[in-house]
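Below, chains carry the letters A, B, ... as their sequence lines are ordered, and counting in each starts from 1.
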Amino acid sequence: MKATLTGIITEALHSVAADGLLQESDITVPFIELTRDRKFGDYATNVAMVLASHINGNPRQFAQALADRILETDNGENIDKVEIAGPGFINITMSGDYWVKAVRRVLTEGSRYADSNTGQGKRVQVEFVSANPTGPLHVGHGRGAAMGDALANVLEAAGFDVQREYYINDAGNQIENLGQSVYARYLELFGNQVDFPEGGYQGDYIKEIADDLKATLGDRHLHKSHDSVVQEISEYASHRILADIKEDLEQFGVRFDRWFSEKSLFDGNEVKQALEEMESRGHIYREDDAVWFRSTRMDDDKDRVVIKADGSLTYFASDVAYHRNKFNRGFERVINIWGADHHGYVDRMKAAVVALGKQKEDLQILLVQFVNLLRHGKPVAMSTRAGEFVTLREVREEVGRDAARFIFLTRKADSKLDFDLDLAKERSNDNPVFYVQYAHARICSIIRNAEQTGISLPEPEDADLAMLVLPEEKELIRHLAALPDVVDGAALALEPHRLTNYLRDISTTLHNYYYHHRVLTDDADLTTARLALVTAVRIAVRKALTLLGVTAPERM
RNA sequence: GCCCUCGUAGCUCAGUCGGAUAGAGCACAGGAUUCCUAAUCCUGGGGCCGCAGGUUCGAAUCCUGCCGGGGGCACCA
């Protein structure tokens with residue numbers, strides 16, 4: 001809806017420029033915001049002040065001239081009133097007709113409401129979770145999963161062509177380490193005394209895998225050579241863990257378009273090709289028997305080794321190959337969601353992307369901060385090393401998928417998150433998930449009651465929406481009209497948490513309205529209008545919840 | 001030591017491209033239900049936006065320095 005206003009103001013600016021008050025070339029897209037205080041009207045723009053340095057005379061005078069043109073341009077169609085305030089704000093009050101159209105649009109567009117073409121079909125890849133298949137997903141991965149999935153949804157709604165990908169680190173030493181760990185536990189099951197590998201995986205799940213190995217294969221592995229056994233067990237264990245990860249993510253409502261294997265990069269010789277490309281572009285040198293990437297040229301702290309002195313490749317080398325592969329697949333933008341512990345990796349990865357001929361901005365890296373789990377108000381101790389951690393599965397089974405996803409998305413990625421397990425389970429207004437879902441269920445309940453008494457949901461054009469004159473109704477409509485901007489903003493800023501804030505706000509407004517006014521009244525026309533309004537609110541709430549990957553229950 | 005990041009109400013946090021009197025939830029205090037779900041609503045107190053400079057008509061927001069929390073600094077994965 002704001003687009004209408006943007007168009008009007010832009011046209012008015014050109015008109016003012018034609019009068020000689022402004023250079024045509026100084027015109028930019030005007031910034032318009034929904035006012036936070038109704039006494040400033042519905043929308044406000046600061047263009048007059050922004051352009052202050054380009055005009056003769058003071059901003060207020062310029063604002064007045066522009067205000068006149070705005071009214072002229074609109075010709076009474078959408079705008080009621082334009083006022084100049086403060087240092088040169090232009091406050092605009094929209095007409096009742098404008099708001100009627102806003103509601104009607106929600107009803108007409110339904111689940112497509114708030115979708116936009118901002119992304120213009122640009123191909124974007126979102127890579128997230130990508131946990132090593134060496135252990136179960138923990139809570140931190142859950143936050144990354146919720147974040148990546150919601151972000152992908154939001155980008156899709158904003159008109160981007162999105163692909164969701166999980167990168168499987170199935171080629172490194174950690175897989176071997178996993179195999180060694182399982183092998184050690186396996187030997188123990190046959191009474192053999194073994195030294196558990198240093199830095200091996202400690203969790204109970206390792207013993208479970210060893211148990212299963214014994215159950216299915218008996219002592220077969222006891223008699224093979226150490227190396228071949230470890231390789232076999234590594235593969236078995238990592239496949240099994242990956243299957244569990246996939247199962248977890250599915251239960252969590254997160255799906256991927258592609259599971260990309262690191263090993264495939266080696267099999268396809270792509271790591272070597274990537275390094276050759278970097279070399280041909282002049283970013284590689286040799287020193288101390290190792291091969292280096294001159295990443296300092298691209299703002300990194302220090303140069304990075306890609307081939308070690310012993311001839312083996314670094315983990316970073318395959319990451320370079322992976323990112324080269326991504327861009328070769330035609331993605332214009334690549335977004336990685338990493339745990340905050342990968343912080344130190346950002347600069348070198350961006351350097352690599354630049355070295356491969358892309359722009360620094362083509363790769364965006366979102367660092368997701370740690371989750372601080374609380375039980376009875378106290379932090380739950382976690383240590384991945386010692387195998388003491390709360391898994392995503394445990395949290396999901398305890399608090400439910402909706403609560404977990406919603407809470408993970410209440411904060412922006414780079415701030416730490418307190419996750420109160422007790423609160424997440426609570427069925428009270430303290431629990432934001434229930435609060436929002438209840439708003440949706442409440443509307444559904446009203447609609448059910450209406451249908452039971454023979455009132456059917458109105459068609460958008462049948463309701464006389466001009467009857468919605470209460471301040472609370474106007475507030476609801478303003479929230480409805482804001483959703484497209486919230487979705488676009490969340491997509492462009494990569495901040496899905498804006499939607500959780502939005503949901504809380506519109507839910508508060510709905511609960512307030514519900515408490516003070518009845519939807520189903522004795523006045524048939526008024527009832528129809530109010531039913532149309534709450535139906536529109538239901539559409540908006542459901543849309544926002546869906547983008548976050550949270551269900552919108554019809555009854556609770 | 002160097003780099004990144006955060007610092008906003010007692011607590012947890014929003015704050016859109018730099019705008020008008022900085023917002024919300026929790027907690028605390030008080031109140032609301034003959035009627036569509038009380039999993040709800042209303043009212044209230046609460047602030048040196050870490051500190052100091054700078055840029056600007058205007059700074060929580062941008063720049064510099066300092067203080068404090070967190071993270072990162074491998075020929076580890």
Q: With C1' as the reference atom in both, quote the distance from B:U12 to B:G1 in angstrom, rounded to an integer.
A: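 Their C1' atoms lie roughly 34 Å apart.
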Please work out which of the three classes, parallel, tilted or perpendicular, describes the rings of A:Tyr167 and A:Tyr322, given edges at 30° and 60°.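 Ring orientation, 0 to 90° scale: parallel.
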Q | A:Tyr435 and A:His511 aromatic ring geometry - parallel, tilted or perpendicular at 30°/60° bounds | A |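 Geometry flag for A:Tyr435 against A:His511: perpendicular rings.
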(Q) Classify A:Val29 by what it touches in the nucleic acid, base, sugar-phosphate, or nothing, heavy-atom distance under 4.0 Å. (A)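 Base contact.
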Q) How would you label the contact of A:Arg518 with the nucleic acid (heavy atoms, under 4.0 Å): base, sugar-phosphate, or nothing? A)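 Contact class for A:Arg518: base.
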Indicate yes or no for a side-chain donor-acceptor contact from A:Asp288 to the backbone of A:Ala290 under 3.5 Å, with no hydrogens or angles considered.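 Side chain of A:Asp288 to backbone of A:Ala290, a donor-acceptor pair under 3.5 Å: no, none is there.
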Q. Under 3.5 Å, side chain of A:Arg304 to main-chain N/O of A:Ala317, donor-acceptor pair present?
A.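 Pair absent, no side-chain N/O of A:Arg304 close to backbone of A:Ala317.
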Looking at the base of B:G72, is there any donor atom on it, or on the side chain of A:His343, that sits under 3.5 Å from an acceptor on the other one?
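A donor-acceptor contact between them is absent.
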- Query: Can you find an N or O donor on one side and an acceptor on the other, under 3.5 Å apart, linking the side chain of A:Asn91 with the base of B:A20?
  - Reply: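 Indeed there is one.
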B:C26 pairs with which nucleotide, Watson-Crick or G-U wobble, both distances below 3.5 Å?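 Here B:C26 is engaged in a pair, and the nucleotide opposite it is B:G10.
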| said: With a 3.5 Å limit on both atom pairs, tell me what B:U33 is paired to, counting Watson-Crick and G-U wobble, or say none. | reply: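 With both distances under 3.5 Å required, B:U33 matches none.
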### Task
State yes or no: are the ring centers of A:Phe419 and A:Phe408 separated by less than 6.0 Å?
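When the ring centroids of A:Phe419 and A:Phe408 are compared, they turn out to be within the sub-6.0 Å range.
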Any A:Arg504 side-chain nitrogen or oxygen under 4.0 Å from OP1 or OP2 of B:C13:
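Answer no for this pair, as no side-chain N or O of A:Arg504 is under 4.0 Å from OP1 or OP2.
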Heavy-atom contacts, protein to nucleotides 27-32 of chain B, under 4.0 Å, summarised as B (base), S (sugar-phosphate only) or - (none) per nt, yield S----B
(message) For A:Glu495 and A:Asn512, find the nucleotide of RNA chain B closest to each by heavy atoms; which residue's nucleotide sits nearer the 5' end?
(response)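 Result: A:Glu495.
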For B:C35, does the O4'-C1'-N9-C4 (purine) or O4'-C1'-N1-C2 (pyrimidine) torsion place it in syn, i.e. within 90° of 0, or in anti?
->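 With its glycosidic angle more than 90° from zero, B:C35 counts as anti.
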